[in-house]
Colleague: 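The structure that follows is given in the form of structure tokens.
These numbers were taken from a predicted model, which means no experiment stands behind them.
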Amino acid sequence: MTSTPLTGPHDLVEAAGHPHGGGNMKPHYDDRLANEDLAPLRKQKWSSYNIFAFWMSDVHSVGGYVTAGSLFALGLQSWQVLVALIAGIVIVQVFANMVAKPSQKTGVPFPVINRVVFGIRGANIPAIIRGLIAIAWYGVQTFLAAESLNIVFLKFIPDSAALLDVSFAGLSALGWISYAILWTAQFLLFWNGMEVIRRFIDWAGPAVYLVMIVLAVYLVSQAGIQNISFTLSTVQLDFWASIPVMFAAIALVVSYFSGPMLNFGDFARYGKSFAAVKKGNLWGLPINFLFFSLLTVITASATVPVFGSLITDPIKTVEQIDTPFAILLGGLTFVTATVGINIVANFISPAFDFSNVAPKKISWRAGGMIAAVGSTFLMPWNWYSNADAIHYSLGVLGALIGPLFGILIAGYYIAARQRVKVDAMFTMDAAGPYWYRNGFNPNAVKAVIAAGVPTVLIAIFPKLFADLGLFNVSWVSDYSWFIGCGLGYVLFLLFERLDPRVPTFEGETEGISDGTVDAVAEAPVVEEVPVLAQKARDAETPVPGSGVSAPIAAAVLEQTAPDAADPERGTVPSLRRPAAGPREALA
């Protein structure tokens, strides 16, 4: 047991963008597992529009533009592309709803809810894997946004072209300047917290749409509406040959969103109700993605008659217009779009993930800064253009997203029956229900390995065989997410059936989130940590070495006798409970 976790300096400033005390830190929460960023939220205020705006930011990016446009170039007819788009995004919507529910109902982020399935310590397995993926892609997206900013510099400051001839570590001097500007801008946005981020994405999504509509209308007016085609491919497939291509297109859409879909709980926890989250997902995924895709193909199609060739990169499209105002507006818009997706998909996730590893030492902000600094050291501009480097590095980590998703869903919906003892996710007590074996659920660990190994092999070796000229079954890799998700789901349930570990708390109601009530389950609390911390700061006579006043310390000692002071912490008393059984100890 450890002593009462006093709120750390990083939390006294602001916890994840919320007012001090926004996280419901309770006296018995272990500071090795909790800070105000990871604790259940006191208030869940996001509306369906906020969730809708989140998905707009995730869709409206250069990568999303190119991905949507590429589907129209696979040799499919327009109706087939639309069917594939709708089918793929509806699958994403269903899975996003599934991963949203446990976090929205309990008010905790993705790494914390994984403690129910993986164990108190084992939850760091999915957290670190997701965090590492986000670090790599954070650098890539920042680099792509910097490329957009370069265009603006070159247009309005012609002398800046000389900076392209000077390079360091593989990036030009102009590239470093643009990268530094975007890195700093994202840092400032992130540092101001989740509420500022929410306001940013609420504005950024519609702003990007407005500019895309203007761009599409301009290009169509230049090309002539009769020259707009919804089929961008020069190769036309017959019906039966197009079927596997359609399935591949569906898999591509799901894979593209697999990262933010896995840790969507980091955002769903802020939803004021699960119904609001589902409504936001409906507008933000099938409706939003379909409209965005139509805008994309109209814009890309218009580039053929206007510029003489197909351009699927929006940055290069804007560059070709060669009008100062268009370049400024378009360049800054796609910078904004890329910053939006970077913040929601690749900054917030590692912020929570790395904070989960050591909550006492790593705040939400510190976790995000680890990702930002780490992404720069990876120098993404050196390997982003190398398809093999991406495939064999991120391919390994990316292949594990499917198994992690399948295990979380199986654990929460089937094994735990949607019943979670919220406070039990924040105790290191070996008698706790989520301690399992030394903090790890062996069934979850075995399922990750058993499902992850074949999924990684499926993701890597087909391409390797094709590159060696042996045989080409690379199409199998397109479905690695589905294969991994299915294997993780089935294997975890199999291991749980053979050796049940995840508790369901049948017959218990106090402090239990059962998946039916939106409010976070409450258990009796003596005194909130922020109050204790505030009194300690205001008191005149602090206890030496503790920061807690003598009267408050005496009151706590009176409550906790005969424990007196914690020998490991000097004079800070421990809020230990009387000896009790495994279940009663967590009430």
Side-chain angles (χ1 to χ4, degrees), residues 59 63-95 223 226-258 261 285-287 289-305 308-314 387-388 390-392 395 398-399 401-402 454-487:
V59 169
Y65 187 107
V66 174
T67 299
S70 67
L71 298 185
F72 288 88
L74 294 176
L76 300 175
Q77 296 181 37
S78 57
W79 70 269
Q80 292 174 313
V81 173
L82 293 179
V83 168
L85 283 169
I86 294 173
I89 209 66
V90 167
I91 291 173
V92 173
Q93 179 195 4
V94 171
F95 287 149
Q226 69 277 6
N227 296 319
I228 302 301
S229 171
F230 284 93
T231 302
L232 304 180
S233 176
T234 57
V235 178
Q236 294 300 309
L237 303 175
D238 61 42
F239 178 77
W240 293 109
S242 66
I243 296 300
V245 179
M246 288 182 63
F247 280 108
I250 293 171
L252 177 63
V253 172
V254 176
S255 297
Y256 179 79
F257 290 102
S258 63
M261 187 170 64
L285 287 167
I287 298 174
F289 188 67
L290 181 59
F291 182 59
F292 175 80
S293 299
L294 289 172
L295 272 179
T296 297
V297 72
I298 290 171
T299 304
S301 178
T303 62
V304 177
S309 61
L310 175 64
I311 304 175
T312 58
D313 186 333
D388 288 338
I390 293 178
H391 182 80
Y392 292 116
I401 291 180
T455 307
V456 168
L457 295 179
I458 289 171
I460 290 179
F461 277 97
K463 183 181 185 305
L464 179 61
F465 293 150
D467 291 343
L468 294 175
L470 299 177
F471 49 88
N472 189 357
V473 290
S474 56
W475 59 269
V476 177
S477 299
D478 296 336
Y479 304 96
S480 60
W481 186 90
F482 290 94
I483 295 171
C485 182
L487 284 175

Colleague: Where the side chain of Thr303 meets the backbone of Ile311, is there a donor-acceptor pair that is under 3.5 Å apart?
Modeller: yes

Colleague: What I'd like to find out is whether the side chain of Phe289 reaches to under 4.5 Å of the side chain of Val92, using heavy atoms alone.
Modeller: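 Phe289 does not reach Val92 side chain to side chain.
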
Colleague: If you take all heavy atoms of Ala399 and Ala459, which pair is closest and at what distance?
Modeller: CB-CB, 3.9 Å

Colleague: State, with a plain yes or no, whether a side-chain heavy atom of Phe247 is found less than 4.5 Å away from one of Asp478.
Modeller: no

Colleague: Can you confirm whether Val253 sits close enough to Phe257 that some side-chain heavy atom of one is under 4.5 Å from a side-chain heavy atom of the other?
Modeller: yes

Colleague: With a 4.5 Å limit on heavy-atom distance, are the side chains of Ile228 and Val297 in contact?
Modeller: no

Colleague: Hey, what do you get for CD1 (Ile287) to CZ (Phe291), rounding to the nearest 0.5 Å?
Modeller: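 Interatomic distance, Ile287 CD1 to Phe291 CZ, rounded to 0.5 Å: 12.0 Å.
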
Colleague: What distance separates Cys485 SG from Ile401 CD1, expressed to the nearest 0.5 Å?
Modeller: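 So the SG of Cys485 and the CD1 of Ile401 are separated by 11.5 Å.
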
Colleague: I need the Leu487 CG to Phe482 CZ distance, nearest 0.5 Å.
Modeller: 13.5 Å

Colleague: Taking the side chain as everything from C-beta on, heavy atoms only, tell me whether Ile86 gets closer than 4.5 Å to Val90.
Modeller: yes

Colleague: Nearest 0.5 Å, please: how far is CG in Leu290 from CG in Leu295?
Modeller: 10.0 Å

Colleague: Could I get the full list of side-chain hydrogen bond (donor to acceptor under 3.5 Å, both in side chains) partners for Ser255, not counting sequence neighbours?
Modeller: none

Colleague: Roughly how far, to the nearest 0.5 Å, is OG1 of Thr455 from CD1 of Ile483?
Modeller: 7.0 Å

Colleague: Which pair of non-hydrogen atoms, one from Ile89 and one from Pro286, has the smallest distance, and what is that distance?
Modeller: CG2-CA, 3.4 Å

Colleague: Going from OG1 on Thr299 to CG on Leu294, what distance comes out if it is rounded to the nearest 0.5 angstrom?
Modeller: 10.5 Å

Colleague: Measure the acute angle between the ring planes of Phe95 and Trp481, then classify it against the limits of 30° and 60° as parallel, tilted or perpendicular.
Modeller: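 If you compare the ring of Phe95 with that of Trp481, the planes turn out tilted.
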
Colleague: Identify, with sequence neighbours excluded, every residue that meets side-chain hydrogen bond (donor to acceptor under 3.5 Å, both in side chains) alongside Tyr479.
Modeller: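 If we apply the side-chain hydrogen bond (donor to acceptor under 3.5 Å, both in side chains) test to Tyr479, skipping adjacent residues, there are no hits.
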
